[in-house]
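Data block below; observations after.
Atoms considered below: every heavy atom in the structure, side chains included; atoms not considered: hydrogens, waters and symmetry mates. Letters go in sequence order (proteins before strands), and every chain restarts at 1.
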Amino acid sequence: MGLVYRLKDAVFMLSEMEIRIIEHKIIPEDAELICGLPDVGLVGAIAVAHMIHKLDLREVAYVESDMLPPIIILENGLPRSPIRIFGDGNIVVVSSEIAIPLEVISPVIRGVVDWAWRRRVKRIFTLGGLPVPNRHEIEKLRIFGAVSDDSLLKIIEENDVEVIQRGFLVGPQALILKYCAERSMPAIALLAESFYNYPDPEASSIVIQTLNRIMGMNIDVSELIEKGEEVRLAMRDMMRRTQTELARMRKSHEYDIPGYYIR
Amino acid sequence: MVIRRRRSIFDLMREYMEEIEDLADEMFERLMERPSWDVGSQSLEPLCDVLVRSDRVIVTADLPKVDPDSIRISGISDDMIEITARMRVKVNFEDLGVTHRRGEFTCFSCRVPLPVPVDISKAKASFKRGILEVILPRKMGYEIRVE
């Protein structure tokens, strides 16, 4: 009897630990998945918000888990998950309206990558920023990249993306590249030079323009630049929450120079 | 038989450090648990950052929609400065997509505590791309001669 109860407890605990992707609609095979989770300068988060707006993407799925903080986002008086997946045709994006707590970043990203693998997603892009201390003095932002598989290096180099040859990556991009490499799923991280602590719509526009080149799209970014101040004002609170999680995950590790090695 | 394990000095130190870390986290979180706006003074709290260098402290703040001529920086004490700036246009909750709250905002305002004392009279400030940067020289101590 005791054993049965203990088994029930164990099953209950496992279900509590689970990340579920609840689908309203099955996405097509060979979809391109674009992740823009809150990170430095909210570069990815602003970029996917802009894509959702410009491409008129609709919610196709959401992330559900008891491990997430007890937060919903209300839309027209109705509850929505703060971490959602939007799409139209083969363009699918992952967006979060909350800073993802350090404790759940790994399970959430593993959940999303596993789901993408089951749905036979063609490749995953992850958009973000590469923090530079003197960002406010830089006129022309550079764009960097890293990939899950060496066959993808050519794609990013052909599209004027500098490869990060050696250095640390921390947070959502790091995990997406890692889990995709494990599953032999193609993944490309596109990172524009950005502010660390301040929302950076200009960096988001650079990332979208690069994505336009790679995917043959034509998403207009002029609005992001023109309404940059509005975006910075609107993103202030999300940035504040994200800063806390960035500090907890030791994001500053990205500034570190890897130890000595012999070529 | 009860085996009593004595805690080593290292265990005690680790526990002590963990306690301090928890306390710091808790204090930080409590600071976060308030709105970033104040309807009473019609002000928004800007995003700020403090960087300490060997000879200076650099304070930056993100001030979108601000009139550059209205930025005021004042020293409250040798380890705290106050930044205020008026916005070119009023912003209300509805502009930010929130309809269940009332109030409008006309300025940014914050007090930034500095981790080390500075000489505020020698501070320099610039405003570029909507980012305010204040460079404050650190207070000099006594110089020790190397023999």
Side-chain angles (χ1 to χ4, degrees), chain A residues 40-42 46 49 53 69 73-77 97-99 101-103 131-141 193-203 224-252 255, chain B residues 21-22 24-37 43-51 53 58-68 85 87-101 104-108 110 125-135:
Chain A
V40 285
L42 299 178
I46 296 169
H53 166 61
I73 177 143
L74 288 168
E75 266 185 13
N76 304 319
E97 262 141 318
I98 56 165
L102 172 65
E103 296 77 15
V132 279
N134 62 333
R135 163 69 181 95
H136 63 291
E137 287 160 4
I138 299 177
E139 291 289 331
K140 194 175 181 301
L141 299 176
E193 286 184 317
S194 77
F195 286 115
Y196 185 109
N197 272 335
Y198 304 134
D200 200 335
E202 198 186 334
L224 262 184
I225 305 295
E226 285 157 20
K227 292 192 175 167
E229 287 186 308
E230 265 98 343
V231 176
R232 278 157 56 202
L233 206 56
M235 289 296 192
R236 210 166 44 94
D237 280 334
M238 200 207 274
M239 188 76 251
R240 206 161 63 105
R241 301 277 172 191
T242 304
Q243 282 173 6
T244 315
E245 298 308 325
L246 290 174
R248 292 179 66 213
M249 71 171 85
R250 304 273 191 268
K251 183 75 180 181
S252 59
Y255 288 133
Chain B
E21 264 177 41
D22 287 349
D25 280 353
E26 202 181 297
M27 272 172 66
F28 191 76
E29 268 164 33
R30 217 176 296 160
L31 273 175
M32 289 275 294
E33 294 312 312
R34 56 184 170 74
S36 65
W37 40 265
S43 67
L44 296 172
E45 193 179 307
L47 292 166
C48 285
D49 197 22
V50 180
L51 189 67
R53 293 275 182 224
I58 304 163
V59 177
T60 58
D62 188 21
L63 302 173
K65 285 183 179 277
V66 147
D67 169 14
M87 283 190 275
R88 297 189 304 272
V89 283
K90 284 180 188 169
V91 174
N92 56 41
F93 279 109
E94 215 166 328
D95 296 331
L96 300 167
V98 173
T99 51
H100 67 290
R101 291 188 196 282
E104 56 181 21
F105 305 103
T106 56
C107 63
F108 279 103
C110 69
S126 63
F127 186 63
K128 216 187 271 176
R129 295 168 179 269
I131 305 285
L132 174 71
E133 183 181 63
V134 189
I135 297 173

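- Residue-environment remark: CZ (Arg250(A)) stays at or below the threshold of 12 foreign heavy atoms within 6.0 Å.
- When the shell of 6.0 Å around CD of Glu94(B) is examined, it contains 12 or fewer heavy atoms from other residues, nucleotides or ligands.
- For the residue pair Arg236(A)/Ser36(B), the side-chain donor-acceptor check at 3.5 Å is satisfied.
- Paired with Pro64(B) under the rule side chain to side chain contact (heavy atoms under 4.5 Å, CB included), one option of Glu230(A), Met235(A), Arg232(A) passes, and it is Arg232(A).
- The shortest non-hydrogen separation linking Glu229(A) to Lys65(B) is OE2-N, 2.8 Å.
- Proximity to chain B (any heavy atom under 4.5 Å) is shown, for Tyr196(A), by neither the backbone nor the side chain.
- Side chains of Phe195(A) and Asp62(B) form no contact here, defined as non-hydrogen atoms less than 4.5 Å apart.
- Taking all atoms of both residues into account, the shortest heavy-atom contact from Tyr198(A) to Leu47(B) is CE2-O, 3.4 Å.
- Looking at Phe108(B), the atoms closer than 4.5 Å to chain A (heavy atoms on both sides) all sit in the side chain, from C-beta outward.
- Heavy atoms of Glu202(A) lying under 4.5 Å from chain B belong exclusively to its side chain.
- Annotation: maximal heavy-atom pairing with chain A below 4.5 Å, among Thr60(B), Val91(B), Leu63(B), Asp95(B), occurs at Thr60(B).
- For the atom pair CG (Leu132(B)) and NE2 (His136(A)), the distance works out to 9.5 Å, reported to the nearest 0.5 Å.
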